[in-house]
Undergrad: 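Below you'll find the structure I mean.
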Amino acid sequence: GINAEYGEVTLKSTNPYGRPRLVIAEYGLDAYGRDVVRGYGSVLFPLIPGSHKIKMPMFVPESTSLLQKFTSWLLGTRPEFVDPKFVTQSDGREVTRVRSQGSIAVSCNIMTKDIVNAGYVVDSTHSGRP
């Protein structure tokens, strides 16, 4: 397992379109020292202020045909997305074959300022747009 701690990330917006999302593309070395994808994951940040622990499911793309699987095995490459942001979109996902690859625990502290002025309702029982 990997236990990596990343520093502080601050997101600021005066136009909250959609919800903030964390996308992780994890890479590692294979037996031959090549960079290969180990997993992709995406999770929405909570809108409720406070400390949160989120479990982010991770997955890897799979070859969709026997020919692709054989070619991947022969060349020693694994399928991967051209753009890691693909995991946040719904277009094309229904035809994408993936395999579960565990999960990552994400800890975050959410702080909001003037979010009510943007039309959001934020309390412990309800969050989101009115």
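Just so you know, residue 1 is the first one in the sequence shown, and it goes up from there.
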Undergrad: Heavy atoms only: give me the nearest P46-C108 pair and the separation to one decimal.
TA: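 Taking P46 first and C108 second, the nearest heavy atoms are CD-SG, 4.2 Å.
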Undergrad: With sequence neighbours excluded, give me every side-chain hydrogen bond (donor to acceptor under 3.5 Å, both in side chains) pair touching residues 46-56.
TA: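 Residue pairs with at least one partner in residues 46-56: S51-N109, K53-S107.
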Undergrad: Should I24 and L44 be counted in the same cluster of Ile, Leu, Val, Met, Phe, Trp and Tyr side chains packed under 4.5 Å apart?
TA: no
Undergrad: Can you check whether M56 reaches S103 side chain to side chain, under 4.5 Å on heavy atoms?
TA: no
Undergrad: Counting only heavy atoms not in L29 (residues, nucleotides, ligands), do more than 12 fall under 6.0 Å from its CG?
TA: yes
Undergrad: Considering all heavy atoms of both residues, which atom of S42 and which atom of R21 are nearest to each other, and what is their separation?
TA: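 Looking at all heavy atoms of both residues, the closest pair is OG-NH1, 2.8 Å.
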Undergrad: Using the side chain to side chain contact (heavy atoms under 4.5 Å, CB included) criterion, which residues pair with Y27? Sequence neighbours excluded.
TA: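 For Y27 the side chain to side chain contact (heavy atoms under 4.5 Å, CB included) partners, ignoring immediate neighbours, are A25, D35, V37, Y40, E80.
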Undergrad: Does T64 have any side-chain hydrogen bond (donor to acceptor under 3.5 Å, both in side chains) partners at least two apart in sequence or in another chain, and if so, which?
TA: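 T64: side-chain hydrogen bond (donor to acceptor under 3.5 Å, both in side chains) contacts with Q68.
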Undergrad: Report yes or no: do I104 and I110 belong to one cluster of Ile/Leu/Val/Met/Phe/Trp/Tyr joined by side chain heavy-atom distances under 4.5 Å?
TA: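 Yes: a chain of side-chain contacts under 4.5 Å links I104 to I110.
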Undergrad: For residues R38 and Q101, determine if any side-chain heavy atom of one lies less than 4.5 Å from a side-chain heavy atom of the other.
TA: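 They are not in side-chain contact.
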Undergrad: In chain order, what residues pass the salt bridge (charged side-chain N to carboxylate O under 4.0 Å, His left out) check against E62, with sequence neighbours excluded?
TA: R99
Undergrad: R34: what forms a salt bridge (charged side-chain N to carboxylate O under 4.0 Å, His left out) with it, not counting sequence neighbours?
TA: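 Expected list: D30.
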Undergrad: Mind checking the CD1-CG spacing from I54 to L22? Nearest 0.5 Å is all I need.
TA: 8.0 Å
Undergrad: Find out if a path of hydrophobic residues (ILVMFWY) with successive side-chain heavy-atom gaps under 4.5 Å connects V43 to F45.
TA: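 Same cluster.
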